[in-house]
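Just below is one structure, and these are the notes that go with it.
Computed from heavy atoms alone, side chains included, the values below leave out hydrogens, waters and symmetry copies. Numbered from 1 within each chain, the chains take letters A, B, ... in sequence-line order.
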There are 2 protein chains.
Amino acid sequence: MATDDLMTRALALVGDDGPLSVEVIRRLTDLADVPEPMTIAEVADLLDITPHTLRYYERAGLVEVARDRYGHRVYDAEAVRRLVFLTRMRLSGMPMRDLQHYISLVDAGQDTVPERLDMLLEHRDIIRRRIRELTLSLAATEYKIATYGGSTGPDAAALDTATEL
Amino acid sequence: MATDDLMTRALALVGDDGPLSVEVIRRLTDLADVPEPMTIAEVADLLDITPHTLRYYERAGLVEVARDRYGHRVYDAEAVRRLVFLTRMRLSGMPMRDLQHYISLVDAGQDTVPERLDMLLEHRDIIRRRIRELTLSLAATEYKIATYGGSTGPDAAALDTATEL
DNA sequence: CTATGGCTTTGAGCGCGCGCGAACGCAAAC
DNA sequence: GTTTGCGTTCGCGCGCGCTCAAAGCCATAG
């Protein structure tokens, strides 16, 4: 896939700056169109990561994967769903450590649901802050592009005489 | 500063999700309220990075810093402005390598302005894509929070029976 | 029926980007 | 005097994943 991975599909679905509807989100998580038992190469392609990374995640305890009679990994729907979640969290900046903790909570049963929810809420806030940071950086970059004379200073009128940058 | 660094001030200025006006951007780049010659600790505090990192940037050739008679670094307005720019770019994901290249272009004179502009345009696109990615991850996270039963699946109605995650 | 290529497996080790820590000296300030 | 802050250098560390090596199984091609 790689040129048609989940994120690329998702971005195409959303467009460059369209609003996000629940319907769109539902489609983002809809995996009905992928084959049920998948090989490592297929999953890697779907998630746009390498087979190596998938094995790395498995060794890290993030997911258990069955094997066929040749010892090759066989990813069932649950594993794929979990990996979609994991890669989404990774892509949005959640560190491996936290993912390991989250999965350990999952494995610990329903009692840990509140803590999982806390983790998601906190991660949501982190993403939000990151988006705001990037939005500011974007604005600053666009400002610099618009007023470009090479200076870092704020005064467009003085750009010609400002120290070069 | 650290609890009142540039980004924190900027975020406070903008609010949690307000629109960005040119006026706000201008204020973001307005350094009139900082003392003119600064010590490494003051600059570090302003930029919310460590003195170590500032020395690292200097060794990397990103900025030249004068010294006082004791050999201590003295950051003038130009150095501070450049560092504000550099840290902003770093924070938005531009790698050191690219910053070094950019600075080398600056040092090479006006002929390199078009290439610098290209770099900024490209970086702008990268930031935009990153924001869109994060927006999607945010939406997915919020969707998961809203429908939370612990499953990664898309079907909220089946959450109770879905495999736990 | 080989064989040639292409996928998989494991394990250990490497690499990158980015900066931090530790150790040590010197000048100033309390 | 001793605490503070800055200087330099060397090396380390972290997060994350890739590379490399050695080997096994499958399919298609001669």
Side-chain angles (χ1 to χ4, degrees), chain A residues 1-2 5 7 35 37-76 79 83 86-103 123 126 130 133 137, chain B residues 1-2 5 35 37-76 79-80 83 86-103 123 126 130 133 137:
Chain A
M1 208 164 272
D5 60 278
M7 182 54 74
M38 299 178 78
T39 69
I40 193 170
E42 290 167 344
V43 176
D45 226 18
L46 175 71
L47 301 177
D48 203 31
I49 60 181
T50 70
H52 236 110
T53 301
L54 282 170
R55 289 189 273 262
Y56 169 69
Y57 287 174
E58 187 177 346
R59 257 182 316 181
L62 294 182
V63 63
E64 288 185 5
V65 183
R67 307 305 174 98
D68 64 12
R69 66 182 171 290
Y70 313 119
H72 291 192
R73 288 168 176 81
V74 176
Y75 292 84
D76 61 9
L83 284 167
L86 291 171
T87 52
R88 211 192 293 291
M89 292 301 104
R90 282 292 305 122
L91 191 63
S92 57
M94 182 176 284
M96 290 292 290
R97 201 175 339 107
D98 291 5
L99 287 176
Q100 288 171 325
H101 184 214
Y102 189 93
I103 292 300
H123 187 59
I126 289 173
R130 185 67 189 136
E133 285 177 357
S137 291
Chain B
M1 208 164 271
D5 60 278
M38 300 177 78
T39 69
I40 194 170
E42 289 167 344
V43 176
D45 226 16
L46 175 71
L47 301 177
D48 201 31
I49 60 182
T50 70
H52 230 109
T53 302
L54 281 170
R55 290 189 274 259
Y56 168 68
Y57 288 175
E58 185 177 349
R59 255 179 316 175
L62 294 182
V63 64
E64 287 185 7
V65 182
R67 307 302 176 100
D68 64 12
R69 67 181 168 292
Y70 311 119
H72 291 193
R73 288 169 176 80
V74 176
Y75 292 84
D76 61 9
V80 173
L83 284 166
L86 291 171
T87 52
R88 211 193 293 292
M89 292 300 106
R90 281 292 305 123
L91 189 64
S92 57
M94 183 176 283
M96 291 293 291
R97 202 175 336 109
D98 291 4
L99 287 176
Q100 288 172 322
H101 183 213
Y102 189 92
I103 293 300
H123 187 59
I126 288 172
R130 185 68 189 136
E133 285 177 355
S137 292

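- Ranked by how close their nearest DNA chain C nucleotide is to the 5' end, Pro95(B) and His72(B) are led by Pro95(B).
- Atom CG of Asp68(B) is separated from atom C1' of dA28(C) by 11 Å (rounded to the nearest Å).
- Near DNA chain D, defined here as any heavy-atom distance below 4.0 Å, the residues from residues 50-67 of chain B are Arg55(B), Arg67(B), listed numerically.
- For the pair Ile103(B) and Leu86(B), the minimum side-chain heavy-atom distance is below 4.5 Å.
- Taking a cutoff of 4.0 Å between a charged side-chain nitrogen and a carboxylate oxygen, Glu58(A) and Arg55(A) do not qualify as a salt bridge.
- The nearest pair of heavy atoms linking Arg90(A) to Pro95(A) is NH1-CA, 4.0 Å.
- Atom CD of Gln100(A) sits in a crowded spot, with more than 12 heavy atoms from other residues, nucleotides or ligands closer than 6.0 Å.
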### Task
Please test Leu91(B) against Arg130(A) for side-chain contact (heavy atoms from CB on, under 4.5 Å), starting from the C-alpha separation and ending with a verdict.
CA-CA 10 Å; Leu91(B) 189 64; Arg130(A) 185 67 189 136; 4.1 Å; yes
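- The two residues Ser92(B) and His123(B) come nearest to each other via the heavy atoms OG-NE2, 2.8 Å.
- In summary, contact between chain B and DNA chain D, defined as any nucleotide atom under 4.0 Å from a heavy atom of the protein, begins and ends at dC6(D) to dT8(D) in the 5' to 3' direction.
- Residues Val74(B) and Pro37(B) come closest through the heavy atom pair CG1-CB, 4.1 Å.
- The residue Ile40(B) sits close only to the backbone: its heavy atoms come under 4.0 Å of sugar-phosphate atoms, none of a base.
- Residue Arg73(A) places at least one side-chain N or O under 4.0 Å from the OP1 or OP2 atom of dT10(C).
- For the pair Tyr56(B) and Thr50(B), the minimum side-chain heavy-atom distance is 4.5 Å or more.
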